[in-house]
Amino acid sequence: GNSVTQMEGPVTLSEEAFLTINCTYTATGYPSLFWYVQYPGEGLQLLLKATKADDKGSNKGFEATYRKETTSFHLEKGSVQVSDSAVYFCALTSYSSASKIIFGSGTRLSIRP
Amino acid sequence: DTGVSQDPRHKITKRGQNVTFRCDPISEHNRLYWYRQTLGQGPEFLTYFQNEAQLEKSRLLSDRFSAERPKGSFSTLEIQRTEQGDSAMYLCASSLALARGTDTQYFGPGTRLTVL
């Protein structure tokens, strides 16, 4: 079945550091890939998405590229801010599974000032 | 605010009681999803509706759980005879599903259930 594996946390970085959160997936067919973010006390928000191989999703300085050859969708940001502290979820959907989202277990990110 | 709303935001109940949660999707969204999230885990799919039809239910959804979307707008999720293992955040999401391709789901703030 479809599944998502992401880097375990927590991840603690200093402000302005470079961020990478690894994510790999297993899926039949051609899934769409997502990163969702959950800020403290708030609901899940879509951060970025990519719907086909080699697509790059980007938002708020974050980027992720859909790599079919390595079945990966790593999240990156060049310079993190304290306000980026949150839990990040890698996820996928596939048309064949009626678009229900399969989430990874989440990575908690804390940024030190 | 035209996002997905859920009510209540928090619910504390005693084991064996019934609880009901409500979700109001973004207007004109034809799909509505329910997920459950336990501490330290990602959300897990429970069920979804296309308009008023419930099209899929996860094996996580035991017989004590029932969901409805009577007019294709808001939805309710009821848990009967609650157990401590039902304690979790219950998330609702909605989307506009087109004939081709996958849809983007927008999540509500969730209802946190604590069963004592």
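Residue numbering restarts at 1 for every chain, and letters A, B, ... go by the order of the sequence lines.
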**Student:** Checking heavy atoms, do the side chain of A:Leu46, its backbone, both or neither come under 4.5 Å from chain B?
**Tutor:**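 The side chain, not the backbone.
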
**Student:** By a 4.5 Å heavy-atom criterion (distance strictly below it), what part of B:Leu91 contacts chain A: side chain, backbone, both, or neither?
**Tutor:** side chain

**Student:** Out of the candidates B:Lys14, B:Lys11, B:Arg64, B:Arg15, only one should pair with B:Asp86 under the salt bridge (Lys or Arg N to Asp or Glu O under 4.0 Å) rule; please name it.
**Tutor:**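 One option only clears the test, and that one is B:Arg64.
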
**Student:** Please flag which part of B:Tyr106 lies under 4.5 Å from any non-hydrogen atom of chain A: side chain, backbone, both or neither.
**Tutor:** neither

**Student:** Parallel, tilted or perpendicular for A:Tyr66 and A:Tyr25, by the 30°/60° rule?
**Tutor:**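 Judged by the thresholds at 30° and 60°, the geometry between A:Tyr66 and A:Tyr25 is perpendicular.
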
**Student:** Under a 4.5 Å cutoff for heavy-atom pairs, which residue among A:Glu42, A:Arg108, A:Gln38 has the most contacts with chain B?
**Tutor:**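 Heavy-atom pair counts peak at A:Gln38.
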
**Student:** If I take atom CZ from residue B:Arg22 and atom CG from residue B:Leu77, how far apart are they, to the nearest 0.5 angstrom?
**Tutor:**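 Separation between the atoms: 13.5 Å.
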
**Student:** Report which part of B:Arg9 has an atom under 4.5 Å of a heavy atom belonging to chain A: side chain, backbone, both, or neither.
**Tutor:**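 Looking at B:Arg9, just its side chain touches chain A.
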
**Student:** Is it the backbone or the side chain of B:Gln37 that comes under 4.5 Å from a heavy atom of chain A, or both, or neither?
**Tutor:** side chain

**Student:** Apply the ring pair (Phe, Tyr, Trp, His ring centres under 6.0 Å) test between A:Tyr88 and each candidate in A:Phe73, A:Phe34, A:Phe62, A:Trp35; give the one that qualifies.
**Tutor:**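 Only match with A:Tyr88 under ring pair (Phe, Tyr, Trp, His ring centres under 6.0 Å): A:Phe62.
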
**Student:** Under 30°, 30 to 60°, or over 60°: which ring-plane class applies to B:Tyr48 and B:Phe45, parallel, tilted or perpendicular?
**Tutor:** tilted

